Amino acid sequence: MSIADIKKNSEQKMQKSVDSFKNELAKIRTGRAHPGILDQVEVEYYGSMVPISQVANVTLLDARTISVQPWEKGLGPKIEKAIRESDLGLNPSAQGDLIRVPMPPLTEERRKDLTKVVKSAGEDAKVAVRNLRRDANEQAKKLQKDKLITEDDERRSQDEIQKLTDKTIAEIDKLIQGKEAEIMAV
């Protein structure tokens with residue numbers, strides 16, 4: 001393994017951390033409807049738990065309402081129950097085969113709670129990135145200890161990994177600020 005491999009590997013893993021954080025942010029709802037909110041809600045389907053998106057069409061009716069159209073007749077009540085029992089605080093209503101999921105407006109208190117959740121998730125992402133930096137630096141130190149690279153190369157590698165870490169953390173901070181602004185502006 002070379003320094004270039006360590007850097008490339010760290011860069012890929014840090015990008016995965018950022019992508020994971022973006023997915024986490026997508027689940028945090030603002031006042032607007034987003035079909036991805038229901039991604040983690042699972043419904044029982046022939047004895048196994050599956051995401052709603054695998055048994056129904058999930059679309060937007062308008063800016064504040066999600067519609068869920070089950071692909072099979074008897075599945076509507078199960079989907080409605082699964083959404084109601086999820087920790088999302090949503091109250092679906094069935095109209096024939098169509099299930100409407102209105103997004104309740106956010107109270108000021110709930111907005112502040114959501115910003116705390118965003119900050120916490122952002123801090124978790126930053127910790128993951130810092131752990132990746134530590135792992136990469138340890139790999140470089142091991143290469144230097146095994147006399148595969150010089151001390152200067154190891155120092156340069158640490159500097160490059162630190163720059164990569166700083167860039168990634170700045171990207172996470174930017175995502176946090178954007179999501180907080182989105183929550184508070186609604």
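Note that the structure is a prediction, hence the values are computed from the model and not measured.
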Salt bridge (charged side-chain N to carboxylate O under 4.0 Å, His left out) with Asp152: which residues, sequence neighbours excluded?
-> none
Per side chain to side chain contact (heavy atoms under 4.5 Å, CB included), Pro70 is matched among Val43, Ile79, Asn57, Val55 by Ile79
Sole residue of Leu90, Leu60, Thr59 in side chain to side chain contact (heavy atoms under 4.5 Å, CB included) with Ile66 | Leu60
[X] side-chain N/O to [Y] backbone N/O, donor-acceptor pair under 3.5 Å:
X	Y	value
Thr168	Leu164	yes
Lys179	Leu25	yes
Ser20	Lys16	no
Thr65	Asp62	no

Donor-acceptor pair between Asp173 and Gln177 side chains, under 3.5 angstrom = no
Decide yes or no on side-chain contact (heavy atoms from CB on, under 4.5 Å) for Gln15 and Val18, but give the supporting numbers first.
-> CA-CA 5 Å; Gln15 190 55 49; Val18 170; 4.1 Å; yes
Only distances under 3.5 Å count here; give the side-chain donor-acceptor pairs of residues 92-104 to other protein atoms, sequence neighbours excluded, each with its distance to 0.1 Å.
unit_1: Asp97; atom_1: OD2; unit_2: Lys73; atom_2: NZ; d: 3.3

Find the distance between [atom1] ([X]) and [atom2] ([Y]) and round it off to the nearest 0.5 Å.
X	Y	atom1	atom2	answer
Arg130	Asp135	CZ	CG	14.0 Å
Lys78	Lys81	NZ	NZ	10.0 Å
Lys119	Asp124	NZ	CG	14.5 Å
Asp19	Glu24	CG	CD	13.0 Å
Glu171	Phe21	CD	CZ	10.0 Å
Leu132	Ser10	CG	OG	6.5 Å

Go through the steps to decide whether Glu154 and Gln158 satisfy the test side-chain hydrogen bond (donor to acceptor under 3.5 Å, both in side chains), and finish with yes or no.
-> CA-CA 6 Å; Glu154 189 246 342; Gln158 284 186 357; 2.8 Å; yes
Counting only heavy atoms not in Glu109, do more than 12 sit closer than 6.0 Å to its CD atom?
-> no
Atom CZ of Arg155 with >12 non-hydrogen neighbours under 6.0 angstrom | no
Only distances under 3.5 Å count here; give the side-chain donor-acceptor pairs of residues 136-151 to other protein atoms, sequence neighbours excluded, each with its distance to 0.1 Å.
unit_1: Lys142; atom_1: NZ; unit_2: Asp146; atom_2: OD2; d: 3.1
unit_1: Thr150; atom_1: OG1; unit_2: Asp153; atom_2: N; d: 3.1
unit_1: Thr150; atom_1: OG1; unit_2: Asp153; atom_2: OD2; d: 3.3

Between side-chain atoms of residues 47-54 and protein atoms elsewhere (two or more places apart, or another chain), which donor-acceptor pairs fall under 3.5 Å?
unit_1: Ser48; atom_1: OG; unit_2: Tyr45; atom_2: O; d: 3.4

If you look only at pairs with a residue in residues 6-15, which of them pass as a salt bridge (charged side-chain N to carboxylate O under 4.0 Å, His left out), with sequence neighbours excluded?
-> none
Ion pair present between Glu80 and Arg84, side-chain N to carboxylate O less than 4.0 angstrom?
-> yes
So which heavy atom on Ile172 is nearest to which on Ala125, and how close?
-> CD1-CB, 3.8 Å
Set of side-chain contact (heavy atoms from CB on, under 4.5 Å) partners for Ala128, sequence neighbours left out | Ser17
